[in-house]
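Below, each value reflects all heavy atoms present in this structure, side chains not excepted, and no hydrogens, waters or symmetry copies. A quick note: this is a predicted structure, and the numbers were derived from the prediction, not measured.
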Amino acid sequence: MTESAEELVRKMAGGDRLAFERFYDRYAPLVYALVRRVVREPADAAEVLQDVFWEAWEAAGRYDPGRGTVEAWLLVRARARAIDRLRSVRRKGMAIPSGEGTGQAVPVDPGPGPDSEAGDRLEVAGALQALPEPERRVLELAYWEGLTQTEIAERLGQPLGTVKTRMRQALGRLREVVRRRQA
C-alpha cells in the first residue's frame, strides 16, 4: 500500500529517513520540472532541488494540511527557491535564456511519476490552457520565468493592480479544478 503524502511528511517530521527517501522519489521529478522552467541551467536546477528537499525535511513538522496539499506546500517552496537562484544569477550579471517575446504558452511537462500524479499535472495543464490569455500569461511569467508581479506589469505594460487581479482570478480557477478533482 502506498503511503499518502501527508503520512510521509508526518513520518519525516519524526525523523524517518526512509519516508524521506520515498517522498523524494515521488516528488523530485515534479519539483525538478518546475525548477528547470524557472532556472533553465541543469546544474543550478539540481542545486535548487537539493535545497528544496532539505527545506522540506527540516520543515516537515510545520506542515499544516489545513493550508493546502503537500504538493502545493512543496511547489511553493520550489518556486521560491528557483526564483531566488534566478535573481542571484541575474545579480551576478550572467545571461539566462528566458524565451522572452515569443508570445507562446510554455507547455507543461507532466514528467515521470505515478499515474495519478501525472494525471493531476495534465489536468492542471489543461486548466491552464483553458484560462483566458491574459490570466494564463501572468501565471506563465510568474511561475515559468520567475518574474515578480511588478516585473510582469512592466513587461506587459499593464497596471500592477490589473496583474494582481488576473493572478488572483487565475489561481482561483486552477484551485477550483483541483477541488473538483478531490471531491
Applying salt bridge (Lys or Arg N to Asp or Glu O under 4.0 Å) as the test, list every pair that has at least one member in residues 13-24; sequence neighbours left out.
Glu3-Arg22
Check for me, please, whether Val138 and Leu171 land in the same ILVMFWY cluster - side-chain distances under 4.5 Å, paths through other members count.
yes
Supply the atom-to-atom distance Thr165 OG1 to Gln149 CD, rounded to the nearest 0.5 angstrom.
9.5 Å
Using the test side chain to side chain donor-acceptor pair (under 3.5 Å), find all partners of Gln158 that sit at least two apart in sequence or belong to another chain.
Arg166
What is the distance from atom NZ of Lys164 to atom CD of Gln169, rounded to the nearest 0.5 Å?
14.5 Å
May I ask you to test the Leu139-Glu135 pair for a side-chain heavy-atom distance under 4.5 Å?
no
Got a sec, which residues hit side-chain contact (heavy atoms from CB on, under 4.5 Å) with Ile83, two or more places apart in sequence or on another chain?
Val38, Arg79, Arg87
Could you give the distance from CE (Met167) to OG1 (Thr162), rounded to the nearest 0.5 Å?
12.5 Å
Considering residues at least two apart in sequence or located in another chain, which fulfil the side chain to side chain donor-acceptor pair (under 3.5 Å) criterion with Arg77?
Glu55
Can you list the residues that meet the salt bridge (Lys or Arg N to Asp or Glu O under 4.0 Å) rule with Asp51, with sequence neighbours excluded?
none
Could you list all the ring pair (Phe, Tyr, Trp, His ring centres under 6.0 Å) pairs where at least one residue sits in residues 31-52, not counting sequence neighbours?
none
Pairing of Arg136 and Glu140 as salt bridge, 4.0 angstrom limit
yes
Euclidean distance, Lys11 NZ relative to Leu8 CG, rounded to 0.5 Å:
7.0 Å
Do NZ/NE/NH1/NH2 and the carboxylate oxygens of Arg10 and Glu6 come within less than 4.0 Å?
no
Below 3.5 Å, can you tabulate the donor-acceptor pairs from side chains in residues 56-64 to any protein atom, sequence neighbours excluded?
from	atom 1	to	atom 2	distance (Å)
Glu58	OE1	Trp54	NE1	3.2
Glu58	OE2	Trp54	NE1	3.2
Tyr63	OH	Gly68	O	2.7
Tyr63	OH	Val70	N	3.3
Asp64	OD1	Gly66	N	2.9

Atom pair CG/CZ of Leu74 and Phe23 - distance to nearest 0.5 Å
4.5 Å
